[in-house]
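Below: one structure, written as structure tokens.
All values below come from the heavy atoms of this structure, side chains included, with hydrogens, waters and symmetry mates left out. Chain identifiers are assigned alphabetically (A, B, ...) following the order of the sequence lines, protein sequences preceding nucleic acid strands; residue numbering begins at 1 within each chain.
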Protein chains: 2
Amino acid sequence: MTEKPSHRTNLVLTAMRLFRRQGYASTGLQQILAESKAPKGSLYYYFPTGKEGLAEAAVEMATDLICNTISDLARDHSDPKDFITAYCNVYAGWMEDSNFRSGCPIATTMLENAPQSPVLTKAGEAAMDRWMALIADVFETSGMPSEEAQTKSGQLVAAIEGALLISRIRQSTKPIRDVADMF
Amino acid sequence: MTEKPSHRTNLVLTAMRLFRRQGYASTGLQQILAESKAPKGSLYYYFPTGKEGLAEAAVEMATDLICNTISDLARDHSDPKDFITAYCNVYAGWMEDSNFRSGCPIATTMLENAPQSPVLTKAGEAAMDRWMALIADVFETSGMPSEEAQTKSGQLVAAIEGALLISRIRQSTKPIRDVADMF
DNA sequence: ATTTCTATATTGACCGGTCTATAGAGTCAA
DNA sequence: TTGACTCTATAGACCGGTCAATATAGAAAT
């Protein structure tokens, strides 16, 4: 399950971490190369389109990360309300652990590049589709009508994304915890 | 009421517009200077701290913009539900008019710089305080208890911020319109 | 009224450094 | 020998920031 630590994997992992903290534009390839300890030649070998291709892979890896988190939580919390609370707690923990620097792993990259970059926009859409579908499943499993589950999962993701932004500005997890009370 | 079109004003106005569309890091001073038609010397005359000082002023101007919007809407819509719907419609209009490029005027700048930059973080906190206080007023005026009004206004702002992000990714106003149904 | 002086406002040429990307030779295991 | 991978050097654009030179407005002096 765990990927083998190739240069390629290290590049994507490092890019994801740095884009999440400092954004896409202000993260230089130099820094990614230094921290991942990958050679520059490898970057353009694995990602011929350069920074954008690397970002695409980083968004995809981030999508998997969130999907795995949701799946794990869904297994332990079948009640929607419990699930939402647990999900918010995960994000709140991430924020606290990083001194409010690591919010949503794709939000900053998306705000900087969507919809200008078709490649990254598409990766972002895929992320939204997958996250919302997984959450809608939780709602449907508890008996909620499909259509309502779709809408609600979209609203939840929106509320959390916004809460992560405000949490970062205020350096407080309260906005995230307040999301749970909305549903 | 309208500010006189000095170089200073043009700089802040242009910075706000560009930061909103492309973010802070990927907007060069060159572009701001070219589009505002202001000379480079003026920038450092009015903003001795350079880009960061300009961004601070841009965030403050954006805060005023949103505050004015909220005040105007509050005058015409005393019912909270009506107000929320109208508020969402304003954002949806902004998104459509800009081909989903002009979302929240401070969100991208904040995700890129909070909490690393104390100056910009403080400007962001002030924005949140003022927006939420104005919206809470609308709720309180309609009879809602003060504490509940505070919480609800925070939740509304979070939901909208998140919806603006998703709207940008999906190039659709549906996420924004769905926010109105949450309250 | 006119000139001179002075402080403030304003300006664009210039700086060193960093950015992403490319080229092409070199390395090494299968 | 082949193909996957890595290295060094370099290109050329752009970055944010500095600073000496200039313009201007108003006070002071004549």
Side-chain angles (χ1 to χ4, degrees), chain A residues 3-59 108-109 112-114 116-121 123, chain B residues 3-59 108-114 116-121 123:
Chain A
E3 287 187 62
K4 62 174 191 284
S6 63
H7 281 155
R8 197 198 133 99
T9 306
N10 286 338
L11 278 167
V12 181
L13 224 41
T14 306
M16 179 179 74
R17 194 183 71 242
L18 293 175
F19 290 162
R20 187 183 196 177
R21 293 187 166 237
Q22 348 174 86
Y24 176 80
S26 46
T27 301
L29 295 182
Q30 251 178 241
Q31 188 182 8
I32 295 173
L33 292 169
E35 297 197 14
S36 69
K37 292 184 173 63
K40 187 164 199 171
S42 300
L43 196 164
Y44 285 95
Y45 176 74
Y46 293 117
F47 305 99
T49 60
K51 198 181 184 182
E52 193 181 39
L54 178 58
E56 184 188 11
V59 169
T108 315
T109 301
E112 288 179 278
N113 295 296
Q116 291 96 323
S117 158
V119 170
L120 295 180
T121 305
Chain B
E3 286 186 63
K4 62 172 191 289
S6 62
H7 280 324
R8 196 198 135 100
T9 306
N10 286 338
L11 279 167
V12 180
L13 225 41
T14 305
M16 180 179 72
R17 193 183 71 243
L18 293 175
F19 290 162
R20 188 182 194 177
R21 293 188 166 236
Q22 351 176 70
Y24 177 81
S26 46
T27 301
L29 295 183
Q30 239 178 227
Q31 189 182 9
I32 296 173
L33 292 169
E35 297 197 13
S36 69
K37 294 183 172 62
K40 187 164 202 171
S42 299
L43 197 165
Y44 283 93
Y45 175 73
Y46 293 118
F47 305 100
T49 60
K51 197 182 187 183
E52 192 181 39
L54 178 59
E56 184 189 11
V59 169
T108 315
T109 302
M110 286 302 123
L111 282 182
E112 288 180 276
N113 294 296
Q116 291 96 323
S117 158
V119 170
L120 294 180
T121 305

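- Within the 4.5 Å cutoff, the side chain of L33(A) has heavy atoms near those of the L11(A) side chain.
- We find that OH of Y24(A) is positioned 14 Å from P of dC19(C), with the value rounded to whole Å.
- Note on Y46(B): only backbone sugar-phosphate atoms sit closer than 4.0 angstrom, heavy atoms only; bases stay farther off.
- Considering OH of Y24(A) and CG of L18(A), their distance stands at 13.5 Å, rounded to 0.5 Å.
- Within the nucleic acid shown, S26(B) has no heavy atom closer than 4.0 Å to any nucleic acid atom.
- Rounding to the nearest 0.5 Å gives a distance of 14.0 Å between CG of L111(B) and CZ of R21(A).
- Between H7(B) and dA9(C) there is no side-chain polar atom (N or O) within less than 4.0 angstrom of OP1 or OP2.
- DNA chain C is contacted by both K40(B) and A25(A); K40(B) maps to the nucleotide lying nearer its 5′ end (nearest heavy atom per residue).
- Between Y45(B) atom OH and dA9(C) atom P there is a gap of 3 Å when expressed in whole angstrom units.
- Protein atom CZ of F47(B) is 12 Å distant from nucleotide atom P of dT10(C), rounded to whole Å.
- Judged purely by distance below 3.5 Å, without hydrogens or angles, the side chains of E112(B) and S26(A) never pair a donor atom with an acceptor atom.
- Among N10(B), L13(B), V12(B), the single residue meeting the side chain to side chain contact (heavy atoms under 4.5 Å, CB included) criterion with S36(B) is N10(B).
- In this structure, CG of L33(A) is placed 16 Å from P of dC5(D), rounded to the nearest angstrom.
- The CG atom of L29(A) sits 21 Å away from the P atom of dG17(C) (whole-angstrom rounding).
- In terms of phosphate contacts, Y44(B) brings no side-chain nitrogen or oxygen within less than 4.0 Å of OP1 or OP2 of dT18(D).
- A close approach under 4.0 Å does occur between a side-chain nitrogen or oxygen of Q30(A) and OP1 or OP2 of dC19(C).
- The CG-P distance, from L43(B) to dG16(D), rounds to 10 Å in whole Å.
- Look at CD on Q31(B): it is 8 Å from P on dC15(D), rounded to the nearest Å.
- Atom NZ in K37(A) sits roughly 17 Å away from atom C1' in dT6(D) (whole-Å rounding).
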